[in-house]
Every structure is written in structure tokens, then in C-alpha cells.
Amino acid sequence: MSALAEDDDALVRRAREGEAAALDALVSRHHRAVYEVAYRVLGDADLAADATQDAFVKAIRALATFRGDASLRTWLLRIGLNTARSAGRKRTSQREVPLEAVSGTLMASSDLERRAIARTEAERAEQALATLPEKQRLAVSLRVHQGLSHREIGELTDTSEGSARVNYHLGIRKLRELLK
Amino acid sequence: MSTGCEFHADALADLAAGRLEADRAARVREHLATCAACREDLEVLTIVSRAEATPPEGLEDRIRAAAREVAQEGQGRTAPAVRARRPSRWRPWALPLAAAAGLATLWVGVLGRDADSDDRFEADALALAAEAPFGAWPAAGPVVAGDPVLSELSTEDLERLLEEMEP
């Protein structure tokens, strides 16, 4: 069975035994979502990258204590969220959301005009997302970009599933106004 | 919002992100053909989907190297603390709004609006919806839509509801 075909529980068991390939697979599978959380909290690509790495280091160190009460993904995202919030508190001043962070998000297209439009839309969405309160920002971005359920988002943000859903609705409602 | 939104609204995020299975996507698109509100939401979600935070080049390799190093050190100790949920401070005037939130919670896993939707149940729910117009949804049954309830609340009420849920 390939590492990618394995479920997280099997990968965790192998990673606990020190198997490097299992660690690699866990990182490959989850680093994008952890980065998304960190970026939405910090609004800075470099800080988010550092926080993502720190989160994985903490997670690997704590892997022996992972009990599986929550899914591995939720657990990792929670560590990422706490790490990013901690990094945010240490930051002395709030930096503006770097637009260049958006450049890597565009879908590949041979049509330059469509790419330019898509870039503009991505930038507008990026800026609009950055204006939302953190919980709404996370509720929308994790639902849309990472496919998390409202229940998972609630677990991650230490709120109920209902709260996560309300935050998502409020976020979409504000984005609709901002992106008109 | 037209009848049927309750079965498709949550799938719009997955459709916008290109995650929806073909048959489910086809059913959502059928609904979109008749629902301007959901088309508008899909337009917003499609724009938002283009703003995914993409890790910088090389980050994955950096993390892999750090993870291997940590694993080799054999350090394994404390797990991150998980904060307990804060108790809610419910007030009588908030009960109708709380009910809406509770109904919203019933939604997940019941109506098949998340990725792991149960098509058979969805078909049953759609059949029931056809029998009962939108305004006549049973108040305490399992087939109560969370998103439509929330969608019909004003922004002010949604914010007030959130204050009650997250004191």
C-alpha cells in the first residue's frame, strides 16, 4: 500500500515508530491546511510559513500523546492555530496582507487575459477575507479552500458546530457585500 | 431563496472549489438554474476559492526535514492543551435564535450537505420537501434545514445569536 493510500491512523502508527516515509506523508497531506490556518490568522506569508513549520515540530514531538479523540487533521490544525495566534501576539505591529501571497494561488491557464481577471478577483477576495473577524475568516476559508465541515471548524476554533455555521454565514454575507 | 436551497447551499463551497462529485454537482447545477440567490452565493464562493493561501515554494521540504530531525531526536512529550468549551449564558429572549442554531446543528450528517452526503436520505428529504412547502417545515423533525433558517435571519440577528453562542 502506498503511503498516500493509507489513512492517518496508520501513518501515525508508522511515524511513531520513526518511519521517515510516514512522516513525509503526514506533512504532505496536511501542511497546506495548517498553512491556511496560520496565514488567515497572521496575514503574512513568511510568518505563516514559520508558524506552520513550528506547528509540525510541536506535533511530531507530541505525536506519542495523540489519542485520536479528534481527527489528526483537526489536531494538527489546532496546534497550527495556537502556534499562529502565539506568533501573532509576539508581533509588534500588524502588517498589511501581502498581495504577492495571492500570486501563487491562481489556477494555471494559457489565457493571459483570464489569468489577469482571476488574479484581480483573487486579490479582491484576499483583501475582503482579511477584513473579516478571525472566526469568520477561518470558517469561510477552511470550508471553501480546505473542505472542512462546520463540525471540524467548530472543533478547531473551540466553538460549537452551530457557531461555526453562523460564522460562515456572516462571513459569506459580508463578502457578498464587499465583492459586489 | 427558492425551495431546494436547503439541500444544496452547503455543497456550493465544494462546487466552487471543484471538489464535488459529478452526479452531486449535476444536481446542484439543476437547482442553480432556478435559484438566483444560490447563483449569487456560488459567484462569491468561486471568487473566494481563488484566494486559497498557497504555501511558499520549499516549505513542504523544510517541514519534512524538520519533522525527520525531531523524530530522530526522539523527543516526545506534552501534547498541546485543549481548552474546555466555555459554558453558554442562555437568556430567555434568545431561545428562538438558539433554536435556530440547534436546528442548524442537526443539519450535518442528516441532510447530506457535506462531502459525505447520503444520497438516499437526500432523495427522501427532497420528496418530503416536495410535500411540505418551505414555509411548512416541521419544527422538531430531523428534516429541518440549518442553512435556510440562518439565511433568513437578519445580519443583526445572526450577530446576536453568535454573541449568545460565544459569550
Side-chain angles (χ1 to χ4, degrees), chain A residues 15 18 20 23-24 26-28 31-32 35-36 39-40 45 48-49 52-53 56-58 60-66 78-79 82 101-102 104-107 118 121-122 124-126 129 140-141 143-145 147 149-151 158-163 165-167 169-170 172-173 175-176 179, chain B residues 10 13-14 16-17 19 40-41 43-57 59-60 62-64 66-80 82-83 85-86 88 100-102 104-105 107-109 114-115 146-147 150-151 153 155 158-159 161-162 165-166:
Chain A
L23 283 172
D24 288 352
L26 287 174
V27 172
S28 292
H31 80 283
R32 296 178 72 89
Y35 178 82
E36 175 98 41
Y39 182 76
R40 295 303 165 201
T52 304
Q53 181 172 333
F56 270 95
V57 166
K58 288 177 188 172
I60 300 302
R61 285 187 173 139
L63 202 56
T65 66
F66 172 66
R78 186 62 179 263
I79 295 173
N82 289 340
V102 178
T105 70
L106 305 177
M107 290 184 290
E121 286 186 338
R124 288 177 61 219
E126 180 69 33
L129 270 171
V140 172
S141 64
R143 179 75 194 92
V144 175
H145 298 145
S149 68
H150 296 298
R151 181 173 53 79
D158 202 19
T159 60
S160 67
E161 177 182 340
S163 293
R165 191 177 292 277
V166 174
N167 275 311
H169 272 268
L170 279 169
I172 293 297
R173 198 168 288 195
L175 289 171
R176 193 187 301 152
L179 295 172
Chain B
D10 204 41
D14 296 318
R19 280 190 301 267
E40 192 179 340
D41 277 355
E43 194 175 333
V44 171
L45 290 165
T46 300
I47 294 172
V48 170
S49 73
R50 297 194 177 112
E52 180 178 352
T54 303
E57 199 173 337
L59 179 62
E60 184 178 348
R62 229 173 81 189
I63 297 172
R64 283 181 173 198
R68 286 180 180 220
E69 193 176 326
V70 168
Q72 282 173 355
E73 287 170 3
Q75 297 176 1
R77 279 202 304 246
T78 55
V82 177
R83 281 184 289 148
R85 290 179 189 278
R86 287 169 293 187
S88 298
T105 303
W107 173 263
V108 172
D114 283 316
D147 283 338
L150 296 179
S151 297
L153 293 178
T155 299
L158 276 178
E159 288 171 344
L161 170 62
L162 201 56
M165 297 174 85
E166 299 178 3

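Chain letters run A, B, ... following the sequence lines, proteins first, then strands; residues in each count from 1.
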| F56(A) side, atom CZ; E60(B) side, atom CD - distance, nearest 0.5 Å | 9.0 Å

| Hey, does P55(B) have a side-chain heavy atom less than 4.5 Å from the side chain of Y39(A)? | no

| said: Please report the interatomic distance CG(L170(A)) to CG(L158(B)), rounded to the nearest 0.5 Å. | reply: 4.5 Å

| note | Honestly, the part of L59(B) sitting under 4.5 Å from a heavy atom of chain A is side chain

| field | Test side-chain contact (heavy atoms from CB on, under 4.5 Å) applied to R64(B) and H31(A), step by step | value | CA-CA 10 Å; R64(B) 283 181 173 198; H31(A) 80 283; over 6 Å; no

| request: Would you give the length of the straight line joining atom NE2 of H169(A) to atom CG of L162(B), rounded to the nearest 0.5 angstrom? | output: 12.0 Å

| said: Quick check for you: to the nearest 0.5 Å, what is the distance between I63(B) atom CD1 and I60(A) atom CD1? | reply: 10.0 Å

| query | Would you call E52(B)-R32(A) a salt bridge at under 4.0 Å N-O? | reply | yes

| query | Does H150(A) reach the side chain of D10(B), with side-chain heavy atoms less than 4.5 Å apart? | reply | yes

| Shortest non-hydrogen contact between A67(B) and L23(A), atoms and distance | O-CD1, 3.8 Å

| message | Taking side chain as everything from C-beta outward and backbone as N, CA, C, O, which of these in R19(B) sits under 4.5 Å from a heavy atom of chain A? Side chain, backbone, both or neither. | response | side chain

| task | State, to 0.1 Å, how close E36(A) and A53(B) come at their nearest heavy-atom pair, and which atoms those are. | result | OE1-N, 3.5 Å

| query | With respect to chain A, which residue among E40(B), R62(B), E159(B) yields the maximal number of heavy-atom pairs within a distance under 4.5 Å? | reply | R62(B)

| request: Indicate yes or no: at least one non-hydrogen side-chain atom of R68(B) is less than 4.5 angstrom from one of D24(A). | output: yes

| message | Once rounded to the nearest 0.5 Å, what's the spacing between atom CZ of R143(A) and atom OG of S49(B)? | response | 12.5 Å

| Donor-acceptor contact below 3.5 Å, side chain H145(A) vs main chain V48(B) | yes

| A16(B) versus chain A, the contacting section by heavy-atom distance below 4.5 Å | neither

| task | Provide the closest heavy-atom pair for A51(B) versus A122(A) in the form atom of the first, atom of the second, distance. | result | CB-O, 3.7 Å

| field | Distance (rounded to the nearest 0.5 Å) between D41(B) CG and R176(A) CZ | value | 4.0 Å

| message | I'd like to know whether E73(B) forms a salt bridge (charged side-chain N to carboxylate O under 4.0 Å, His left out) with R61(A), so could you lay out the CA-CA distance, the side-chain angles of the two residues, the decisive distance to 0.1 Å, and finally the verdict. | response | CA-CA 9 Å; E73(B) 287 170 3; R61(A) 285 187 173 139; 3.6 Å; yes

| query | For E43(B), does the CD atom sit with more than 12 other heavy atoms under 6.0 Å from it, leaving out its own atoms? | reply | no

| Partner chain B: residue of N167(A), I172(A), V140(A) with the largest heavy-atom pair count (under 4.5 Å) | N167(A)

